[in-house]
Amino acid sequence: MTRLVYFAWVRERIGREEEELELPGHVKTAADLLKHLKTLGEEYEVALEHENVIRVAIDQEHVEHGESIEGAREIALFPPMTGG
Amino acid sequence: MTRLVYFAWVRERIGREEEELELPGHVKTAADLLKHLKTLGEEYEVALEHENVIRVAIDQEHVEHGESIEGAREIALFPPMTGG
Amino acid sequence: MAVSAEIPVVVRVQRADFDAAAETAALTARNRQIGAIVTFTGLCRDEGGSLAALELEHYPGMAEAEIRRICEAAVERFSLQGIAAIHRFGRMEPGENIVLVIAAAPHRHAAFDGASFVMDYLKTSAPFWKKEHRADGSESGWVDAKDADDRAREKWQR
Amino acid sequence: MAVSAEIPVVVRVQRADFDAAAETAALTARNRQIGAIVTFTGLCRDEGGSLAALELEHYPGMAEAEIRRICEAAVERFSLQGIAAIHRFGRMEPGENIVLVIAAAPHRHAAFDGASFVMDYLKTSAPFWKKEHRADGSESGWVDAKDADDRAREKWQR
């Protein structure tokens, strides 16, 4: 099981803050994960429609979409940041 | 009569903070003034030895050495500034 | 010379307001090598009266970790004598503080660059998101990230 | 939009210490267009223990006038919403404040540039001179102007 956490409009569109998912074996990278999530329902399709703007963090560090998610305990998906 | 004021090591070397001087008619620019002062005694010669580093202000505004001093009420001579 | 491990790096993410003067005093007291302190305070604007409040969401844990990474990079790059970054979350009304950065160094350019670098990276890398609540009660919305902020960060990578 | 005449420009040259927090509050209170405040504080360093004190001499009248000219140029150039510059004179020991600059603007880069511009010009144009008193009692001397300060100012003229 992998813990997924969502923030800002990704969270609002998916409709939850976090969840635990069993990921299929072919989901090896962050990009694979985004594609997989979009098969799970319309709320994911809407939230992740523009894949290129979705930011990914593995265990609280930013990663590129091509990065492996192997061994990840917590994967976060969120929009570009607007703090400061 | 023109009021002259001195600061920092210019003041220390000349040995006074200010004075009123009657300037001869041929003293028309700040550069002329520096040359004239150096004829007034050894303290001025020492203070103004390196003319190019001496800064000049007329009525509390920076001027170049070529500037006319006509009508000046107060002329200040001082080293490069080191505030801040 | 103090070694890097002795340089104070203060990072906090909190709901409460901060006190810039108290934070500055705590960061810099007793270090007589400091000749320059630059503080940056970011505040909630009213956008010409159209904004009622901002709501700041953050990723607890990662927000602190990311700000700390940025601050440590700044200490290293600009030989700072101290750095603090405090970022608030929750609801903020116009005029309220959002973020505080303090950079201390022997000379002024390092202090200016240190504070500016931390803000430029914080804007684009620290996991915070702003939602606007409009004064006229119309639908509120998430603030879009700005290309200008990405360009400001990239300037440090040249 | 506030017009330039309404933008506060606070300039003081004084023997007494200043209170950065109080000055910032006075400069920026009630202006909801301000999203960024940068403060610069310059302090007396101990130069590795070799310095006992600095003595700051100034040209009364011109010092205020010159700092005001610099501050007004900064308001104009960076569209600041407020600027303050307070410079002390007299004797200062290591750890003591020398100069305070506060720049307020809608966005951060204008506030950073405004404060940095004022410091770079103040260093080379405001009539102040520093004399060092050494800790070992050896002869004190006037601080030399730095080429680096001239270059920092010239950067704004490009």
Side-chain angles (χ1 to χ4, degrees), chain C residues 1 19-25 28-51 54 81 93-109 111-120 122-123 135 146 148-149 151-152 155, chain D residues 1 19-25 28-51 54 81 93-109 111-120 122-123 135 146 148-149 151-152 155:
Chain C
M1 288 293 289
D19 177 340
E23 299 296 339
T24 303
T28 62
R30 290 178 307 278
N31 181 343
R32 296 285 181 265
Q33 297 184 55
I34 294 173
I37 302 170
V38 169
T39 74
F40 174 85
T41 307
L43 301 100
C44 180
R45 289 185 306 272
D46 73 356
E47 307 294 359
S50 70
L51 189 85
L54 282 177
Q81 286 286 317
E93 294 183 8
E96 280 195 73
N97 291 325
I98 300 173
V99 60
L100 173 69
V101 172
I102 308 168
H107 298 282
R108 74 186 185 286
H109 291 122
F112 273 114
D113 284 348
S116 183
F117 173 97
V118 167
M119 277 307 302
D120 285 345
L122 192 151
K123 278 264 174 189
K146 292 187 192 72
D149 287 329
R151 288 196 302 273
K155 174 187 82 192
Chain D
M1 286 294 289
D19 177 339
E23 298 296 340
T24 303
T28 63
R30 288 178 309 277
N31 182 343
R32 297 284 180 267
Q33 297 184 55
I34 295 173
I37 302 170
V38 170
T39 75
F40 174 86
T41 308
L43 301 100
C44 179
R45 289 184 307 272
D46 72 357
E47 307 294 359
S50 70
L51 188 85
L54 282 178
Q81 286 287 316
E93 294 185 6
E96 279 195 74
N97 292 324
I98 300 173
V99 61
L100 173 70
V101 172
I102 308 169
H107 298 282
R108 73 187 185 284
H109 290 120
F112 273 115
D113 284 349
S116 184
F117 173 97
V118 167
M119 278 307 302
D120 285 345
L122 192 152
K123 278 262 173 190
K146 293 188 191 71
D149 287 329
R151 287 195 302 274
K155 174 186 79 188

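Below, chain A is the first sequence line, B the second, and so on; all start at residue 1.
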Could you pull out all donor-acceptor pairs under 3.5 Å where a side-chain atom in residues 100-107 of chain D meets a protein atom, sequence neighbours excluded?
none

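- Contact check for Arg32(D) versus Glu47(C): no side-chain heavy atoms found under the 4.5 Å cut-off.
- Of the listed residues (Ala21(C), Gly48(C), Ala115(C), Gly35(C)), the greatest number of heavy-atom pairs within a distance under 4.5 Å of chain D belongs to Gly35(C).
- Asp120(C) touches chain D through backbone and side chain together, each having a heavy atom under 4.5 Å away.
- With rounding to the nearest 0.5 Å, the separation of CD1 in Ile34(C) from CZ in Arg45(D) is 11.0 Å.
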Chi angles and distances behind the side-chain contact (heavy atoms from CB on, under 4.5 Å) call for Val99(C), Arg108(D): CA-CA 12 Å; Val99(C) 60; Arg108(D) 73 187 185 284; over 6 Å; no
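- When heavy atoms are compared at a cutoff of 4.5 Å, Ala20(D) does not approach chain C at all.
- Interface remark: of the candidates Thr24(D), Thr39(D), Asp19(D), Thr41(D), Thr39(D) forms the most heavy-atom pairs closer than 4.5 Å to chain C.
- With sequence neighbours excluded, the residues satisfying ring pair (Phe, Tyr, Trp, His ring centres under 6.0 Å) with Phe112(D) are Phe40(C).
- Options Ala152(D), Cys44(D), Ser116(D), Ala148(D) differ in how many heavy-atom pairs under 4.5 Å they form with chain C, and the most are formed by Ser116(D).
- Within the model, atoms CG of Leu43(C) and OG1 of Thr28(D) stand 7.0 Å from one another, a figure rounded to the nearest 0.5 Å.
- With contacts defined as side-chain heavy-atom distances shorter than 4.5 Å, the pair Val38(C)/Val38(D) qualifies.
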